Enquirer: 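Below: one structure in structure tokens.
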Amino acid sequence: MIKPLILGATSALFLLTAAAVKADDHKKDEVHSNMMSGKAAIEKAVSGNEFRTPRDMERDQYRNPVATLDFFGIQPNMTVAELGPSSGWYTRILAPLTAQDGKYIALNGSPAPGERYDGSMQWRETFIDHDSDMFGDNATARFIGQTVPFASPNSVDTVLIFRGMHGQIGRGDVNGLLAEVLASLKPGGVLGIVQHRGPEGLEHDPVTSMRGYVKQSYIVDLVKNAGFELAAASEINANAKDPADWENGVWALQASRPIAEKDEKFREIGESDRMTLKFVKPAAE
């Protein structure tokens, strides 16, 4: 009777040890997954992404999406709002990146009084309603600048504005917009801005003169005065080939065209010189 009992105890010990090793391996896998969830997830959303088009990808060399989103600290479990998604170049990266564990919010300008069919609803029908595989179950489109805020206070991890601050400034109540963004962000949340950068000696008022380019100091002062702190600035999207003094503004660079269809001199320049700024909402005291 003794021998079977010893064998049984040995077997039980072996099973317990195996289970402990398996559980430890599982924890290691979870840690490894968490460690890889940031930049690696962004890289996958950029390069291993069935929703992106060849025309999207030819612009990666100018827009540097992996380095840019990593600079802003984007994680796949975040609630990320994109202000002015337009044709969806960054949307096709951000939506699948956050589809499983996070949330994507498309923010568009409020409709004009009496407007029957606004851009935000059209955007929702064009993208979210027809591409549920790309967006997951939590994505939504919202207005900004309405009586009802686009999100609950302190609920959003990151708000991103790509190449669109000039439009927000020229449209009118940019201070109201920034106040709404500030209220929606969690303490420590990020407002990431990539914007066409004009020379510091550029003499034009971006409120009344729409050229696309804005001085970096103007943007920094504007956002800091709205209550944000400047956490970091990067030259990820800088382009020394762009003189940023085109008579017709930034649109002279023909960025909306495929590279092969651009004038030769603009193919050589590429896209605009851009500032990349990371602002944060101050932590609650």
Side-chain angles (χ1 to χ4, degrees), residues 39 42-43 45-47 49 51-72 74 80 82-95 97 106-107 123 127 158-171 191-202 204 206 209-220 222-223 232-279:
K39 189 173 182 179
I42 295 170
E43 289 173 344
V46 170
S47 61
N49 184 333
F51 303 106
R52 303 192 73 213
T53 67
R55 188 171 171 182
D56 283 341
M57 291 183 283
E58 75 172 11
R59 293 178 180 169
D60 288 352
Q61 60 184 307
Y62 307 124
R63 300 183 179 182
N64 308 295
V66 173
T68 300
L69 295 178
D70 186 51
F71 174 73
F72 291 141
I74 302 301
V80 178
E82 182 184 7
L83 178 54
S86 188
S87 62
W89 193 90
Y90 256 108
T91 304
R92 286 185 285 276
I93 297 172
L94 292 168
L97 176 64
L107 297 180
W123 197 94
F127 284 87
T158 308
V159 176
L160 300 172
I161 308 176
F162 296 109
R163 308 176 310 282
M165 275 299 289
H166 59 282
Q168 302 303 328
I169 293 167
R171 192 167 288 116
L191 169 59
I193 295 176
V194 177
Q195 173 58 37
H196 313 295
R197 176 168 52 191
E200 283 299 315
L202 185 68
H204 91 280
S209 175
M210 181 62 69
R211 294 177 53 82
Y213 293 103
V214 185
K215 292 188 291 188
Q216 183 163 325
S217 60
Y218 184 102
I219 297 291
V220 170
L222 176 70
V223 180
S234 173
E235 294 299 293
I236 294 168
N237 296 298
N239 180 6
K241 295 180 180 179
D242 176 21
D245 61 356
W246 307 100
E247 182 178 354
N248 296 325
V250 72
W251 300 279
L253 290 172
Q254 304 175 339
S256 62
R257 296 186 189 181
I259 293 175
E261 296 179 11
K262 287 186 177 186
D263 296 346
E264 184 176 353
K265 66 176 180 179
F266 297 126
R267 288 201 299 270
E268 174 63 25
I269 292 171
E271 294 192 0
S272 65
D273 178 46
R274 293 166 186 157
M275 65 188 88
T276 304
L277 305 174
K278 180 179 180 178
F279 297 92

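Note that this is a predicted model, so its numbers are computed, not measured. Side-chain atoms are counted along with the backbone in the values below, which use heavy atoms only and exclude waters and symmetry mates.
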Enquirer: Do you know the tightest heavy-atom contact between F72 and L160?
Expert: CD1-CD2, 3.6 Å

Enquirer: Kindly indicate whether the side chain of D263, heavy atoms from C-beta on, has any atom under 4.5 Å from the side chain of R257.
Expert: yes

Enquirer: Kindly compute the distance separating CZ (F162) from CG (L94), expressed to the nearest 0.5 Å.
Expert: 5.5 Å

Enquirer: Would you call K262 and E271 a salt bridge, using N to O less than 4.0 angstrom?
Expert: no

Enquirer: Can you tell me which residue among L222, V223, V220, V159 is in a side chain to side chain contact (heavy atoms under 4.5 Å, CB included) with I193?
Expert: V223

Enquirer: In this structure, are over 12 heavy atoms from other groups packed under 6.0 Å from E268 atom CD?
Expert: no

Enquirer: Between R211 and S209, does any side-chain donor sit less than 3.5 Å from a side-chain acceptor?
Expert: no

Enquirer: Locate the shortest heavy-atom distance separating Y90 from R63; write the atom from each residue and the value.
Expert: OH-O, 3.5 Å

Enquirer: Answer yes or no: are there more than 12 heavy-atom neighbours, outside E264 itself, under 6.0 Å from its atom CD?
Expert: no

Enquirer: So which atom in P85 and which in L107 form the shortest heavy-atom distance, rounded to 0.1 Å?
Expert: CD-O, 3.3 Å

Enquirer: Can you sort out the partners of W246 under side chain to side chain contact (heavy atoms under 4.5 Å, CB included), two or more places apart, ordered by chain and number?
Expert: Y213, D242, P243, A252, L253, F266, I269

Enquirer: About how many Å separate CD of Q195 and CD1 of I169, when rounded to the nearest 0.5 Å?
Expert: 6.5 Å

Enquirer: How many angstroms lie between atom OG of S87 and atom CZ of R92, to the nearest 0.5 angstrom?
Expert: 6.0 Å

Enquirer: Using the test salt bridge (charged side-chain N to carboxylate O under 4.0 Å, His left out), find all partners of D245 that sit at least two apart in sequence or belong to another chain.
Expert: none

Enquirer: So how far is it from Q61 CD to I259 CD1, rounded to the nearest 0.5 Å?
Expert: 4.5 Å

Enquirer: Consider side chain to side chain donor-acceptor pair (under 3.5 Å). Of K241, H196, R197, which one does D273 pass it with?
Expert: R197

Enquirer: Please lay out, stage by stage, how W251 and M210 fare under the test side chain to side chain contact (heavy atoms under 4.5 Å, CB included).
Expert: CA-CA 11 Å; W251 300 279; M210 181 62 69; 3.7 Å; yes

